Each structure stands twice: as structure tokens, then as C-alpha cells.
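Worksheet: one structure, shown below.
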Amino acid sequence: MPENNHRTALYTALAQVPPGRVLTYGQLARLAGRPGAARWAGSVLRQLPEHSQLPWHRVLNAAGRLSLGPGSAGQLQRQRLQDEGVIFTGERVDLTIYGWPPQAV
DNA sequence: GTTCTGACCTGAA
DNA sequence: ATTCAGGCCAGAA
């Protein structure tokens, strides 16, 4: 069953993201070898265990906003990102600056 | 089998 | 900038 394999690929890709950098669900799915499976990436992160050391907080939606509601998890995500030096312009993060991988120019 | 739902994305109006 | 519709993938009812 390749499902597990893809999930592992997603974990690996996510683990490569350095502190202070963020990526979108779509990019994460693409790095996991599944372009277009952004929702799938979200479901994987949702089922992620709490004791996981993966930087799940570095994943935002394409708009640069937190896809978690204003719950405790959302607060935690924002807190951790700010601790890493990510600056929020309002409720949004500039992906052209903090995006990962770096903007291909 | 169909239908809904969700830590989503893109393009068009 | 905001709203809408269509497309994506997977799991639950």
C-alpha cells in the first residue's frame, strides 16, 4: 500500500523545512510526490500525533494564513512561528519572503 | 455503491 | 480585495 509510503515522503519533506520558513499544503503535497493533493496533506497533518517532532506549524495555506481555526492549536502555531522569527503582516505571512523552497528567481 | 466533509488550490467575475 | 465555481484526494456515514 503506497499510502504509507507517500505519508513517509511527506514527513521527510516536512522535516527538511528549516526554522523560520513556511510552505503551503499544495507544495508539501508536491514535494511528497503527489501534486494536487493539498487536501490529503492537510488530513495527514491533522492525524499527526501531538508528540510528533515534525514542524507541522510551518505549513500554511496558499493565502499565507493559518488554516487552523482560532483554537488552541492555531494559537500554538502562530506562537511557534513568531518564536522562529516569522513576521505576521496582520493575519497573513508573506510567502515570497518566508516561502520554502526559496523563491526560484 | 453514493454523498458529505475537510489543517486545500486555482482561475474567473 | 472578496466571492464563486470547479477540481483535487481520502476517510466517514
Side-chain angles (χ1 to χ4, degrees):
Chain A
M1 44 185 90
E3 312 290 332
N4 199 328
N5 213 351
H6 286 133
R7 211 174 62 227
T8 303
L10 187 151
Y11 290 154
T12 304
L14 180 55
Q16 307 288 326
V17 181
R21 290 287 185 167
V22 298
L23 40 56
T24 69
Y25 295 90
Q27 289 182 340
L28 186 56
R30 181 162 52 78
L31 291 177
R34 279 209 142 163
R39 292 191 109 138
W40 164 77
S43 68
V44 171
L45 294 184
R46 182 169 206 259
Q47 298 165 11
L48 203 60
E50 297 209 7
H51 53 74
S52 175
Q53 313 229 333
L54 290 172
W56 56 269
H57 56 280
R58 295 179 193 143
V59 185
L60 310 175
N61 60 27
R65 294 174 177 274
L66 309 186
S67 284
L68 287 108
S72 59
Q75 294 284 333
L76 175 63
Q77 180 175 21
R78 178 163 180 156
Q79 185 65 56
R80 290 183 76 173
L81 285 176
Q82 288 184 338
D83 285 348
E84 293 181 352
V86 176
I87 299 176
F88 281 73
T89 55
E91 292 296 318
R92 219 168 72 231
V93 172
D94 193 339
L95 296 176
T96 68
I97 298 178
Y98 301 103
W100 184 264
Q103 210 175 18
V105 188

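Proteins get letters first, then strands, A, B, ... in listed order; numbering begins at 1 in each. This structure is a prediction, so every number in the text was calculated from the model and none was measured.
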Q: Identify, between A:P35 and A:R65, the residue whose nearest nucleotide on DNA chain C lies closer to the 5' end.
A: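 Taking each residue's closest nucleotide, the earlier one in sequence belongs to A:R65.
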Q.
Looking at A:Q77 and A:V59, would you say the former's side chain and the latter's main chain have a donor-acceptor pair under 3.5 Å?
A. yes
Q. How far does the C1' atom of C:dA12 sit from the matching atom of B:dG1, given to the nearest Å?
A. 15 Å
Q | Whole-Å C1' distance, B:dG6 and C:dG7 | A | 15 Å
Determine the minimum heavy-atom distance between [X] and [Y], stating which atoms define it.
X: A:L60; Y: A:R65; result: CB-O, 3.6 Å
X: A:N61; Y: A:T24; result: O-CG2, 3.8 Å
X: A:A62; Y: A:L95; result: O-CD1, 3.5 Å
X: A:L68; Y: A:A73; result: CD2-CB, 3.4 Å
X: A:A29; Y: A:A38; result: CB-N, 4.0 Å
X: A:W40; Y: A:H6; result: CH2-O, 3.6 Å

Q: Look at the side chain of A:R39 and the base of B:dC8, then say whether one donor and one acceptor between them are separated by less than 3.5 Å.
A: yes
Nucleotide N/O of nucleotides 9-13 of chain B paired with protein N/O under 3.5 Å:
{"from": "B:dC9", "atom 1": "OP1", "to": "A:A62", "atom 2": "N", "distance (Å)": "3.1"}
{"from": "B:dC9", "atom 1": "OP2", "to": "A:A62", "atom 2": "N", "distance (Å)": "2.9"}

Q. Where along residues 43-52 of chain A does a heavy atom come under 4.0 Å from DNA chain B, residue by residue in number order?
A. A:L45, A:R46
Q) Which part of the nucleic acid, if any, lies within contact of A:R30, taking any heavy atom under 4.0 Å across all strands shown: a base, the sugar-phosphate backbone alone, or nothing? A) nothing
Q) Considering residues, nucleotides and ligands other than A:Q82, do more than 12 of their heavy atoms fall under 6.0 Å from its CD? A) yes
Q: Quick one: look up who B:dC4 pairs with, Watson-Crick or G-U, both distances under 3.5 Å, and put none if it's unpaired.
A: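 Check on B:dC4: paired to C:dG11, both distances under 3.5 Å.
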(Q) How many whole angstroms separate atom CG of A:N5 from atom P of C:dA10? (A) 13 Å
Q) Can you tell me how far P of C:dG11 sits from NE2 of A:H6, to the nearest Å? A) 13 Å
(Q) For A:R78, give me all partners under salt bridge (charged side-chain N to carboxylate O under 4.0 Å, His left out), at least two apart in sequence or on another chain. (A)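 With neighbours one apart ignored, the set is A:E91.
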Q.
Please tell me if A:R7 has a side-chain N or O lying less than 4.0 Å from either OP1 or OP2 of C:dA10.
A. no
Q: Go through C:dA10, B:dA7, C:dA1 for me and flag the one nearest to the A:W56 side chain.
A: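 From the listed options, B:dA7 comes nearest.
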